[in-house]
Protein chains: 2
Amino acid sequence: MSKSTINDVARLAGVSIKTVSRVVNRESGVRDATREKVEKAIAELNYWPNQSARDLAASRAHLICLVYDDPSAYKLPSSGYIIRLQEGVLRVCRSLGYELLIHPCNYRNDDVESELKFLIQRARPTGIVLAAPLSNIPKIVRAISATGTPLVRLSPGQKLSKEMVVATNDREFAAEMTCYLASLGHRRIGFITGHPRHKAVGHRFEGYKAGLKASGLTFSEELVAAGDNSFGSGEAAALKLLDRKSRPTAIFAANDDMAVGVLRVADRLGIRVPDELSIAGCDDITLAEQIHPALTTIRQPFAAMAEKATLMLVKGTEESEAPKGTVIVPGALKIRESTGPAPG
Amino acid sequence: MSKSTINDVARLAGVSIKTVSRVVNRESGVRDATREKVEKAIAELNYWPNQSARDLAASRAHLICLVYDDPSAYKLPSSGYIIRLQEGVLRVCRSLGYELLIHPCNYRNDDVESELKFLIQRARPTGIVLAAPLSNIPKIVRAISATGTPLVRLSPGQKLSKEMVVATNDREFAAEMTCYLASLGHRRIGFITGHPRHKAVGHRFEGYKAGLKASGLTFSEELVAAGDNSFGSGEAAALKLLDRKSRPTAIFAANDDMAVGVLRVADRLGIRVPDELSIAGCDDITLAEQIHPALTTIRQPFAAMAEKATLMLVKGTEESEAPKGTVIVPGALKIRESTGPAPG
DNA sequence: TTGTAAGCGTTATCAC
DNA sequence: GTGATAACGCTTACAA
């Protein structure tokens with residue numbers, strides 16, 4: 001195992017440590033011949049720079065911190081959300097030589113604020129990526145901002161020009177999905193709303209209405225049922241919508257968990273999907289592709305959003321021109337098997 | 001934001017930096033009055049030790065690395081597994097002042113080995129927690145071991161007395177579940193096997209056989225169907241088992257994803273659960289508690305295993321008496337709604 | 001019980 | 001282009 005230092009390399013290559021440092025950090029102004037000598041010595045000694053020493057000397061840590069709502073505190077079925085966020089941050093970290101520190105936290109705890117300050121003081125990360133729904137909780141944002149650590153918020157549910165924000169276009173793609181269903185001939189398109197506290201999810205309802213309008217359909221309260229993002233609430237809502245005389249021929253749920261609930265109810269009631277009923281969701285959870293029929297949904301760009309956020313953080317730090325404002329990473333329709341032409 | 005150093009504190013408290021260091025590190029041999037003076041200065045200056053400097057000076061990093069199979073490479077429905085592992089490691093890290101670095105990796109890549117070495121060289125973690133199924137892939141284990149970094153393996157599928165291993169008692173609880181089903185009066189208990197490469201999952205099949213024996217039932221190939229841990233394979237296997245003349249009155253699947261598949265097939269075939277068919281799974285994925293009827297299963301102690309593993313790593317490093325051998329963290333039966341008395 | 005001084009392995013400054 | 005040499009903020013012998 002390598003224990004060699006920059007000094008060993010310098011000695012072997014017959015140069016100063018500064019020159020080795022230059023080569024390692026790809027600085028310009030090193031003669032090719034010198035560079036090669038150094039690189040040879042590095043390879044021979046199997047040298048790797050010591051991260052702690054680098055960070056200390058440069059007074060910066062190569063560290064990104066991802067903060068999100070603690071899933072173990074809720075039992076979210078879609079912990080895939082977090083995995084995908086991690087995935088996105090990791091992609092950038094790996095390519096740019098940063099490490100990822102993860103910090104799930106429960107905003108209901110009274111001491112989240114000091115907990116976050118403690119974390120930041122201790123780890124001194126380059127920056128923080130704050131995931132929804134924490135990103136729209138004022139005391140959390142305030143606690144982090146107070147430390148002066150660069151912060152990027154994910155889907156805070158509002159545009160903010162003076163801060164770094166990455167979001168997706170919930171409203172637009174929900175409208176698009178609605179138009180798609182209308183284009184299949186559906187005229188009675190039901191909607192199941194999501195958790196009332198989740199702002200971005202609320203945008204989808206607005207998108208649904210906009211889509212109806214754009215398709216020349218009229219909005220009706222009768223076609224709407226309330227859910228709370230859970231599988232069970234999707235089942236309950238489906239039961240309500242499908243029990244009616246003139247039931248919808250398509251149901252669009254504000255998230256996949258609920259859409260899967262609808263699918264299950266349809267199955268139980270003997271309603272064939274998509275022949276008699278089209279079902280669409282939103283998020284593209286892993287299960288969406290695995291159930292039968294595979295769920296038509298909207299792919300949420302969680303990983304891409306996290307990737308973009310991390311990039312903003314790193315660039316902002318390295319280039320001293322911190323990018324501000326809201327960046328939109330668009331979602332994408334995933335047409336699969338659960339939607340089809342309207343019956344009749 | 002604090003930029004004060006140990007020197008500032010020493011100056012303000014009127015002591016040497018060594019004394020400050022002693023207070024910060026809770027070393028003994030500091031007079032109470034002195035300690036108080038220092039603590040007051042620390043509070044006043046809002047001082048926090050610089051982690052990089054500490055690590056450099058002590059030539060150790062307060063860092064645990066969790067390495068697991070990259071979920072984005074497969075589309076595992078139960079990414080909850082990883083979240084729970086992270087949860088366990090994080091618990092220990094937080095209480096002991098370590099940071100958690102996560103590293104999902106794809107063992108199919110040709111360069112995993114150099115990738116891991118790179119990671120270790122760069123981050124120099126205190127130790128590594130290696131999750132299944134990576135923990136039983138020789139080239140992975142070898143690559144890590146070669147660096148000399150302390151390693152704890154999770155569920156490698158075999159007992160190893162000379163290495164640090166944390167596992168659960170798959171065989172025992174699978175037997176227990178089988179006995180439980182037998183005690184409900186079931187005499188034809190079906191089994192769906194898991195992924196052939198996953199050793200620990202294979203143990204469950206053995207446990208099933210042992211449970212039959214202990215209950216005075218005879219094993220029959222007719223009651224066994226092969227699966228591969230996926231939801232779809234569970235559906236297929238269920239179809240096979242339930243299609244037979246004298247079909248089983250209970251089905252025990254080697255994991256929850258498959259058990260949910262069985263549940264779905266039963267629902268589709270109009271077989272009432274648990275009245276006509278009892279279904280049991282293994283893992284206790286989040287979905288298990290949320291579907292209807294809630295799934296009887298075996299709670300796998302993922303978080304507890306990760307916690308134990310991390311503790312071994314830290315203790316082993318700090319106490320210079322590295323604990324060796326296999327530690328077993330037992331699983332637990334979760335009796336819910338999908339199992340009941342045998343019909344008739 | 002407390003303090004001094006020598007590193008730890010880098011980066012950064014400024015000569016050459 | 002290259003190289004001394006001084007930080008960076010802390011731990012750790014070893015003294016006192």
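Just so it is clear, the values below take in all heavy atoms, side chains as well, and ignore hydrogens, waters and symmetry mates. First the proteins, then the strands, lettered A, B, ... as listed; each starts at 1.
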Taking distance alone, no hydrogens or angles, what donor-acceptor pairs closer than 3.5 Å link side-chain atoms of residues 132-146 of chain A to residues at least two apart or in another chain?
{"residue": "A:Ser135", "atom": "OG", "partner": "A:Leu154", "partner atom": "O", "Å": "2.6"}
{"residue": "A:Lys139", "atom": "NZ", "partner": "A:Tyr107", "partner atom": "O", "Å": "3.2"}
{"residue": "A:Ser145", "atom": "OG", "partner": "A:Val141", "partner atom": "O", "Å": "2.8"}

Task: Nucleotide nearest B:Arg54 (side chain, heavy atoms from C-beta), chosen from D:dC8, C:dT10, D:dC10 - done: D:dC10
- [ ] Before accepting this row, confirm whether a basic side-chain N of the pair A:Glu113/A:Lys117 lies closer than 4.0 Å to the acidic partner's carboxylate O.
- [x] no
Task: Between D:dT2 (P) and A:Ile6 (CD1): distance, integer Å - done: 15 Å
Task: side-chain N/O B:Asn25 vs D:dT11 OP1/OP2, d < 4.0 Å - done: yes
Open item on the list: Between C1' on C:dG9 and CD1 on A:Ile42, what's the gap in Å once rounded to a whole number?
Closed with: 14 Å
Task: Separation of atom OH in B:Tyr47 from atom C1' in D:dG9, rounded to whole Å - done: 7 Å
TODO: Check whether more than 12 heavy atoms from other residues, nucleotides or ligands sit under 6.0 Å from atom CG of A:Asp111, and answer yes or no.
DONE: yes
Open item on the list: If only side-chain N and O atoms count, and only distance matters, is there a donor-acceptor pair under 3.5 Å linking B:Gln51 with B:Glu99?
Closed with: no
Task: 5' precedence on DNA chain C between B:Asp32 and A:Leu56 (nearest-nucleotide basis) - done: B:Asp32
Task: Side-chain H-bond candidate by donor/acceptor type, A:Tyr81 with A:Gln300, under 3.5 Å - done: no
Task: Spacing of B:Gln51 atom CD relative to D:dC10 atom P, expressed in whole Å - done: 10 Å
Which atom pairs link the protein and nucleotides 12-16 of chain C when you take only N or O atoms and keep those under 3.5 Å?
{"residue": "C:dA12", "atom": "N7", "partner": "A:Lys18", "partner atom": "NZ", "Å": "3.2"}

Task: Salt-bridge criterion met for B:Glu87 and B:Arg91 (N-O under 4.0 Å) - done: yes
- [ ] Just call it for B:Val24: base, sugar-phosphate, or nothing, with non-hydrogen atoms closer than 4.0 Å on any strand.
- [x] nothing
Open item on the list: Tell me whether the side-chain N/O atoms of A:Ser59 come closer than 4.0 Å to OP1 or OP2 in D:dC8.
Closed with: no
Task: Between CG on residue B:Asn50 and OG on residue B:Ser4, distance to nearest 0.5 Å - done: 11.0 Å
Open item on the list: If you compare every side-chain N and O of A:Arg31 against the phosphate oxygens of D:dG1 (OP1, OP2), does one of them come in below 4.0 Å?
Closed with: no
- [ ] Let me know the distance between CG of A:Asn50 and P of C:dG7, rounded to the nearest Å.
- [x] 18 Å
TODO: Look at the side-chain N and O atoms of B:Thr34 and state whether any lies under 4.0 Å from the OP1 or OP2 oxygen of C:dT2.
DONE: yes
Open item on the list: Below the 4.0 Å mark, does D:dG3 have OP1 or OP2 next to a side-chain nitrogen or oxygen of A:Ser16?
Closed with: yes
Open item on the list: Let me spell it out: for each of B:Ala53 and A:Thr19, pick the nucleotide of DNA chain D with the closest heavy atom. Which residue's pick is nearer the 5' end?
Closed with: A:Thr19
TODO: Could you check how far CG of B:Asp8 sits from C1' of D:dC8, rounded to whole Å?
DONE: 13 Å
Task: Separation of atom CG in A:Asn7 from atom P in C:dG7, rounded to whole Å - done: 13 Å
